[in-house]
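This is a predicted model, so every value here is computed, not measured.
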Amino acid sequence: MKIEEFVKALKCDFFCGVPDSLLKSLCDYLMNTYGIDGSRHIIAANEGNCVGIAAGYHLATGKVPVIYLQNSGEGNIINPVASLMNEKVYAMPCLFIVGWRGEPGVHDEPQHKFQGEITVKLLNDMDIETFVIDSSTTLQEVEEALNRWDGLFKNGKQAAFVIRKGSFEYGEKVDYSNANEMPREEIVKHIVNVSGEDPIISTTGKASRELFEIREANAQGHCYDFLTVGSMGHSSSIALGIALNKPAQKIWCIDGDGAVLMHMGAMAVIGANRPANLVHIVINNGSHETVGGMPTVAAKINLPEIAKACGYVEILKAENFRSLDEALDKAKRNNVLTFIEVKSSVASRKDLGRPTTTALDNKNDFMNYLKTI
């Protein structure tokens, strides 16, 4: 189905979401059509944030908003859907478009497997009626579903299109780029060189994939690294939990701007606890690059000042490899809670692989290594 026809059938004038690679056709279409004009399209920090924005849109206009998300974000919508939108509370209509990663019977990464199994069940448990779209779904079937849901929306209920891989087509391209000079993979290489045998906790997406391949290329073991392949936005909290319980050991967290935005409250908790052995590095390319490149708001805000306000002691910035190496060396030598923002380009290798070890093996190897230090 052509994405233009699908969006036209929705008859909606406001979209809010968190990008998903399975919904790339939709994401690219929205960017080409609306950009990130707040009156028509907003890319939110997390999926719960989307629900709040959508609720405000409905309160102001009386219309039905559309929220798009990967199914891994369903957990973030549970509270605001159940305690805000539900018909037993404020009865606010909403249409969700959910990318179905980890669909049973379809090969996907391990972090998507269980989420894929419970995707439709979670929506139904929230009293959200669902309709699954695949490559054979017709526009007429979409319109029939929307007509059935019209009564639901009028009664303040929600519905969801669950999107299988390859369901949409879009012929236009969108160029996602910035003026920063350092590729993320090269940044990670510099971090690995300085951190030595210190533990590293890396964030969801390509940063962890690049870290894994760098270890392979260096003929190093993977025991030094915890690859946070799922639970986007929580790697810094994992790093905090480790740092507080290994106070004599330097702990490095490689984070991304989209992940930091998703659960930014973690920075306040880190700053309040102030572990002197933690180095929190945010590689900021202002982009959800792992899932296609759509922008985040991180390019427009001052993350170092936010970290300072949260209580981080040492605040460092890097926009080139010279300043990066200086910042990493200072973080290695100092014994204070450190925040480093590293400006990165929007780029990655086309042949970038994925970890060849299982998540469980990664956890066990990492835990065994922590026992020795």
Side-chain angles (χ1 to χ4, degrees), residues 1-44 47 49-51 53-58 60-71 73-74 77 81 85 92-101 103 119-120 123 128-154 157-176 287-288 291-296:
M1 185 187 307
K2 291 184 178 179
I3 194 63
E4 299 94 327
E5 296 176 347
F6 174 75
V7 173
K8 184 178 180 180
L10 300 180
K11 298 178 181 177
C12 176
D13 62 6
F14 181 73
F15 297 81
C16 185
V18 176
D20 172 31
S21 56
L22 256 65
L23 301 177
K24 191 175 189 309
S25 293
L26 173 63
C27 295
D28 286 350
Y29 173 79
L30 293 175
M31 285 299 297
N32 267 341
T33 306
Y34 305 124
I36 45 176
D37 171 11
S39 65
R40 301 297 301 274
H41 177 221
I42 292 178
I43 299 173
E47 296 79 6
N49 182 205
C50 291
V51 175
I53 294 169
Y57 166 83
H58 172 71
T61 68
K63 298 178 183 179
V64 180
V66 173
I67 293 175
Y68 61 88
L69 65 148
Q70 185 182 128
N71 56 342
E74 284 184 344
I77 71 171
V81 166
M85 282 191 162
M92 295 183 176
C94 185
L95 175 62
F96 293 94
I97 301 174
V98 183
W100 198 354
R101 296 296 302 270
E103 178 188 354
T119 290
V120 175
L123 291 167
I128 298 174
E129 188 170 317
T130 59
F131 181 87
V132 176
I133 292 179
D134 59 28
S135 58
S136 66
T137 302
T138 66
L139 185 61
Q140 181 180 347
E141 289 173 316
V142 168
E143 291 172 338
E144 289 172 352
L146 290 167
N147 288 335
R148 289 196 305 273
W149 292 343
D150 186 58
L152 295 180
F153 295 146
K154 288 178 179 177
K157 301 190 72 170
Q158 305 83 42
F161 285 119
V162 179
I163 313 299
R164 287 183 165 131
K165 185 176 182 180
S167 297
F168 295 138
E169 299 176 1
Y170 184 52
E172 301 296 325
K173 299 291 185 181
V174 183
D175 176 37
Y176 298 111
S287 167
H288 286 287
V291 291
M294 291 180 76
T296 72

Between atom [atom1] of [X] and atom [atom2] of [Y], what is the distance when rounded to the nearest 0.5 Å?
{"X": "Ser21", "Y": "Gln70", "atom1": "OG", "atom2": "CD", "answer": "6.0 Å"}
{"X": "Ile163", "Y": "Ile97", "atom1": "CD1", "atom2": "CD1", "answer": "6.5 Å"}
{"X": "Ile128", "Y": "Glu74", "atom1": "CD1", "atom2": "CD", "answer": "8.0 Å"}
{"X": "Glu5", "Y": "Phe168", "atom1": "CD", "atom2": "CZ", "answer": "11.0 Å"}
{"X": "Lys11", "Y": "Glu143", "atom1": "NZ", "atom2": "CD", "answer": "7.5 Å"}
{"X": "Leu22", "Y": "Leu69", "atom1": "CG", "atom2": "CG", "answer": "11.5 Å"}

Can you name the nearest heavy-atom pair linking [X] to [Y], along with the distance?
{"X": "Met1", "Y": "Leu139", "answer": "CE-N, 4.1 Å"}
{"X": "Tyr68", "Y": "Cys27", "answer": "CE1-SG, 3.9 Å"}
{"X": "Ala44", "Y": "Ile53", "answer": "CB-CD1, 4.3 Å"}
{"X": "Gln158", "Y": "Met85", "answer": "NE2-O, 3.2 Å"}
{"X": "Ser136", "Y": "Glu141", "answer": "O-OE1, 4.2 Å"}
{"X": "Tyr57", "Y": "Pro65", "answer": "CD2-CB, 3.6 Å"}

Just by distance, do the side chain of [X] and the backbone of [Y] share a donor-acceptor pair under 3.5 Å?
{"X": "Asn71", "Y": "Trp100", "result": "no"}
{"X": "His58", "Y": "Val64", "result": "no"}
{"X": "Asp134", "Y": "Thr137", "result": "yes"}
{"X": "Ser167", "Y": "Ile133", "result": "yes"}

Does the side chain of [Y] come within less than 4.5 Å of [X]'s, by heavy atoms?
{"X": "Thr130", "Y": "Phe96", "result": "no"}
{"X": "Arg164", "Y": "Val132", "result": "yes"}
{"X": "Ile67", "Y": "Cys94", "result": "yes"}
{"X": "His41", "Y": "Thr33", "result": "no"}
{"X": "Glu144", "Y": "Arg148", "result": "yes"}
{"X": "Thr119", "Y": "Glu103", "result": "no"}
{"X": "Val291", "Y": "Lys24", "result": "no"}

Task: Any residue meeting side-chain hydrogen bond (donor to acceptor under 3.5 Å, both in side chains) with Tyr176, in chain and number order, not counting sequence neighbours - done: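 Tyr176 satisfies side-chain hydrogen bond (donor to acceptor under 3.5 Å, both in side chains) with Asp28 only.
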Open item on the list: Tell me whether the rings of Phe131 and Phe161 are parallel (<30°), tilted (30 to 60°) or perpendicular (>60°).
Closed with: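 Because their plane-to-plane angle is over 60°, the rings of Phe131 and Phe161 count as perpendicular.
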- [ ] Assess whether side chain to side chain contact (heavy atoms under 4.5 Å, CB included) is satisfied between Val18 and Cys50, documenting all intermediate values.
- [x] CA-CA 8 Å; Val18 176; Cys50 291; 4.2 Å; yes
- [ ] Test Asp20 against Arg101 for side chain to side chain contact (heavy atoms under 4.5 Å, CB included), laying out the working first.
- [x] CA-CA 9 Å; Asp20 172 31; Arg101 296 296 302 270; 4.2 Å; yes
Task: side chain to side chain contact (heavy atoms under 4.5 Å, CB included) evaluation trace for Leu95 with Leu146 - done: CA-CA 9 Å; Leu95 175 62; Leu146 290 167; 4.1 Å; yes
TODO: Determine, stepwise, if the pair His288 / Ile43 fulfils side chain to side chain contact (heavy atoms under 4.5 Å, CB included).
DONE: CA-CA 10 Å; His288 286 287; Ile43 299 173; 4.1 Å; yes
Task: Set of salt bridge (charged side-chain N to carboxylate O under 4.0 Å, His left out) partners for Glu47, sequence neighbours left out - done: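 In terms of salt bridge (charged side-chain N to carboxylate O under 4.0 Å, His left out), with neighbours along the sequence ignored, Glu47 is linked to no residue.
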Open item on the list: For Val7, give me all partners under side chain to side chain contact (heavy atoms under 4.5 Å, CB included), at least two apart in sequence or on another chain.
Closed with: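 If we apply the side chain to side chain contact (heavy atoms under 4.5 Å, CB included) test to Val7, skipping adjacent residues, the hits are Ile3, Phe15, Leu26, Tyr29.
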